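Every chain is numbered from 1, with letters handed out A, B, ... down the list of sequences. The shown structure was predicted, so the numbers you read here are calculated from the model rather than taken from an experiment.
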Amino acid sequence: MGLRIYNTLTGKKEDFTPIVPGRVNIYVCGVTVYDYCHMGHARSMIVFDVIVKYLRYLGYKVTYVRNFTDIDDKIIKRAKERGKDPKEIAQYFTKAFYEDMDSLGIERADIEPRATEHIPEMVSLIERIINKGYAYVVDGNVYFSVRRFKGYGGLSKRSLEEMMAGARVEVDPRKEHPLDFALWKKAKPGEPFWESPWGKGRPGWHIECSAMSMKYLGETFDIHGGGQDLIFPHHENEKAQSEAATDKPFVNYWIHHGFLTINQEKMSKSLKNFFTIREILSKFHPEAIRLFFLNHHYRSPVDFSDEKIKEATKALEKLYITLDRAKQILGEFRQERTDEAIRSKPLYKRLVELEGSFKSAMDDDFNTAKAIGCLFDAIKEINLYLDKDEKEKGLIFEAVNKVKTLGNILGILRLEPRAFLTQGIDISVEEIEKLIAERAIARKRRDFKKADSIRERLAQSGIILEDTPHGTTWRVDYKRNL
RNA sequence: GGCGGCAUAGCCAAGUGGCAAGGCAGCGGUCUGCAAAACCGCUAUUCCCCGGUUCGAAUCCGGGUGCCGCCUCCA
């Protein structure tokens, strides 16, 4: 059984077959750079980061394109508010976007096109649409005619009649149909503009994604992704205009993820119930945030709270503690090849089995929650082995590698376990080690009162001591810090 | 009003016809000078309610109830 993906277009899980065997072309709607990114954006970026990582793990050569909308009404508005040039606003928040994504460990897309750098492509695409008779020009504006395009509403599963029934749109009287949308907007005085056959203006929102995705990925490509709120109108419109221009299917698989809610309500700017990524990163570990999101299926709504990220942090700690145990035993031990003797060990076989389960889970429409379950099963097996008296370094090394490989697909377990377990302390390592040494002497003399007072002293600083056969180790008490 | 989604233990959550994953929290045990970690055991005879289909349903069908989203910029 290979990869299956839930396709918004058909409403079903389908076997994934790329257009060119072994290659996947994927386009994801990025952000409009007019403000800091919030946690909803984080979820989106994490979901597609993992999808791309998994496709690569499967061996596909992936071309991942994610755009920046760097010219639109919101940017112009923000620029006016701040007395800045729209360009400056876009540049500033593009930089902020990269900072946030880097912190979350989200890889760069292969191509990250900006709308303002693709105006000529958009203009020629609009011309193509006009020539095909699917768009009309009114006073410097170009509108796409939804009525002329058969199949409008196919992605969002709505007919024009249904949409009209609930429409609350103020209708521009120059439009032939209320749902016709702008491909090109005439510039108002003082707004940024580009020259075009229809006069000075700027592109509509939807056309940029059509122009840029087709430029880099071809007129039909494999996967197009985004949030569920983009299904209508954005992706519906993208699909309509693209297919109107090319007479070819635009996209084979549409992937849409669910929303992030706060107290069960959608996180959004208008409700003012959003948290920015940087706010949350100041309190929690990026990998904990990833684990929190990935513990839910990407299409389900996720309710956000500090409490839940704390739980994810504890879960992540559990994984790192085991990796740390292994590392203590391994020291600098490394090995290049896995020999037959190791392959035949029960632990190794079990881990291969779990890797298979992990893969089946991910193959089933990227079921990361189930895959995480496999990761914890693997951790339990390793702990069981680590509890034994007789241990083989070669086997432990391989076991750790397996777990890390799987974790890395989800973008977690990328740190040295010691680094994770000793983060955020307000006492120096020298001080800690000095106290541990003192305590060791006290314990040898069976002066447990003193030993315990040292443990207590370190606990005050959020340090947990663990006495093992190999000596005493320490780590940060996440439970206390959270 | 139209369209769509969801409802699983104290909490989060996977599971779409065959004995209910995983995590967090809790309790008991092993280990420990004491802890911690780890491991073992316990914590949903039952998956919102009512009917139906089936040898068999959390899973399929019908009817309720509750929550959410889209239809307007939005990841």
Side-chain angles (χ1 to χ4, degrees), chain A residues 11 13 28-32 34 37-48 72-74 77 153 156-159 161-170 179 205 225-234 236 256-261 264-271 274 291-292 295-297 299-303 305 307-319 321-322 324-325 357 361 364 367-377 379-380 382-388 443 446-449 451-452 455-456 459 464-469 472-475 477 479:
Chain A
K13 276 186 205 170
V28 173
C29 288
V31 294
T32 301
Y34 75 106
C37 287
H38 62 228
M39 289 301 288
H41 297 111
R43 181 183 192 188
S44 182
M45 296 304 144
I46 288 168
V47 163
F48 288 109
D72 102 316
D73 292 349
K74 292 190 291 287
K77 183 164 169 264
S156 51
K157 314 256 182 315
R158 272 179 276 232
S159 67
E161 294 69 43
E162 282 167 356
M163 287 188 258
M164 285 311 297
R168 288 175 272 157
V169 214
E170 20 152 336
L179 288 163
W205 174 35
Q228 279 169 357
D229 51 352
L230 295 183
I231 296 172
F232 189 87
H234 187 229
E236 190 71 61
H256 293 97
H257 65 259
F259 291 121
L260 187 58
T261 59
Q264 318 295 329
E265 265 190 327
K266 181 179 167 182
M267 178 183 278
S268 80
K269 302 246 161 149
S270 49
L271 287 167
F274 63 92
L291 193 61
F292 162 71
N295 201 31
H296 304 70
H297 187 89
R299 280 188 281 117
S300 307
V302 171
D303 198 56
S305 72
E307 197 51 47
K308 291 179 190 146
I309 301 202
K310 284 178 195 175
E311 285 176 12
T313 307
K314 284 294 298 170
L316 182 62
E317 185 188 28
K318 183 189 177 83
L319 301 177
I321 284 174
T322 299
D324 188 48
R325 285 182 78 190
S357 309
D364 184 14
N367 191 337
T368 51
K370 194 173 184 181
I372 287 167
C374 299
L375 212 49
F376 279 96
D377 289 340
I379 285 294
K380 174 172 276 191
I382 293 172
N383 277 327
L384 238 22
Y385 184 77
L386 258 24
D387 281 345
K388 291 184 177 168
R443 288 181 74 211
R446 303 194 67 79
D447 180 358
F448 295 121
K449 202 167 175 187
D452 288 347
R455 185 203 291 288
E456 182 49 33
I464 291 179
L465 294 185
E466 296 184 10
D467 297 324
T468 75
T472 300
T473 62
W474 62 276
R475 64 185 164 85
D477 184 359
K479 207 185 269 185

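Residue order along RNA chain B, read from the 5' end via each residue's closest nucleotide, puts A:Leu384 first among A:Leu384 and A:Asp229.
The same atom, C1', is picked in B:U72 and in B:G62; the two are 36 Å apart, to the nearest Å. B:A20 and B:A38 have their P atoms separated by 27 Å, with the value rounded to a whole Å. Comparing B:A13 with B:G22, their C1' atoms are spaced 8 Å from each other, to the whole Å. To the nearest whole angstrom, the two P atoms, one in B:U46 and one in B:G33, are 45 Å apart. Of the C1' atoms belonging to B:A7 and B:C19, the separation is 24 Å, rounded to the nearest Å. Nucleotides B:C6 and B:A44 have their P atoms positioned 27 Å apart, rounded to a whole Å. B:C73 and B:G5: their C1' atoms are spaced 22 Å apart (whole Å). Atom P of B:C68 sits at a distance of 15 Å from the matching atom of B:C12, rounded to the whole Å.
Whole-Å rounding puts the A:Phe259 CZ to B:C6 C1' distance at 14 Å. As rounded to whole Å, 11 Å separates atom C1' of B:C68 from atom CG of A:Asp303. Between the CD1 atom of A:Ile379 and the C1' atom of B:A38 there is a distance of 12 Å, given to the nearest Å. With rounding to whole Å, A:Glu265 atom CD is found 15 Å from B:C70 atom C1'. One atom, CG of A:Leu260, and another, C1' of B:G69, lie 13 Å apart when rounded to the nearest Å.
Using a 4.0 Å heavy-atom distance criterion, A:His256 is classed as making no nucleic acid contact. If you check every strand for non-hydrogen atoms under 4.0 Å, A:Gly226 touches sugar and phosphate atoms only. Across all strands shown, A:Arg158 has heavy atoms under 4.0 Å from base atoms, whether or not it also approaches the sugar-phosphate.
Scanning for ring pair (Phe, Tyr, Trp, His ring centres under 6.0 Å) contacts around A:His297 gives an empty result, with sequence neighbours left out. Scored by the salt bridge (charged side-chain N to carboxylate O under 4.0 Å, His left out) test, A:Arg158 finds no partners at all (sequence neighbours excluded). Listed by chain and residue number, A:Val50, A:Leu294, A:Met362, A:Leu410 satisfy the side chain to side chain contact (heavy atoms under 4.5 Å, CB included) test with A:Thr368 (two or more places apart in sequence, or in another chain). When the salt bridge (charged side-chain N to carboxylate O under 4.0 Å, His left out) test is applied to A:Asp377, no partner is found at least two apart in sequence or on another chain. Among residues two or more places apart in sequence or in another chain, the salt bridge (charged side-chain N to carboxylate O under 4.0 Å, His left out) test is passed with A:Lys157 by none. Residues that satisfy the salt bridge (charged side-chain N to carboxylate O under 4.0 Å, His left out) test with A:Lys370, not counting sequence neighbours, are absent from this structure. Under the side-chain hydrogen bond (donor to acceptor under 3.5 Å, both in side chains) criterion, A:Gln264 pairs with no residue, sequence neighbours left out.
In this structure, B:G69 and B:C3 make a Watson-Crick or G-U wobble pair, each of the two defining distances being under 3.5 angstrom. Using the Watson-Crick or G-U wobble rule with both distances under 3.5 Å, B:U30 pairs with B:A38. Nucleotide B:C24 is matched to B:G10 when pairs are restricted to Watson-Crick or G-U wobble geometry with both distances under 3.5 angstrom.
Ion pairing of A:Asp364 with A:Lys13 is present here, as a side-chain N (NZ or NE/NH1/NH2) and a carboxylate O approach within less than 4.0 Å. The pair A:Lys308-A:Glu311 does not count as a salt bridge, with every side-chain nitrogen at least 4.0 angstrom from each carboxylate oxygen. A salt bridge links A:Asp387 with A:Arg325: the closest approach of a Lys/Arg side-chain nitrogen to an acidic carboxylate oxygen falls below 4.0 angstrom.
Out of B:C39, B:A75, B:A37, the shortest distance to the side chain of A:Arg325 is found at B:A37.
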Summary of protein contacts for nucleotides 14-31 of chain B, nucleotide by nucleotide, where a base hit scores B, a sugar-phosphate-only hit scores S (4.0 Å, heavy atoms): SS-----BBBSS------
Can you tabulate the close N/O pairs, meaning under 3.5 Å, that link protein atoms to atoms of nucleotides 33-35 of chain B?
unit_1	atom_1	unit_2	atom_2	d
B:G33	O6	A:Arg439	NH2	3.2
B:G33	O6	A:Arg443	NE	3.2
B:G33	N1	A:Asp452	OD1	3.0
B:G33	N2	A:Asp452	OD1	3.1
B:G33	N2	A:Asp452	OD2	2.4
B:C34	O2	A:Arg455	NH2	3.4
B:C34	N3	A:Arg455	NH2	2.6
B:C34	N4	A:Arg455	NH2	3.4
B:C34	N4	A:Asp467	OD2	2.8
B:A35	N6	A:Asp467	O	3.2
B:A35	N1	A:Asp467	N	2.8
B:A35	N3	A:Arg455	NH1	3.1
B:A35	N3	A:Arg455	NH2	3.3

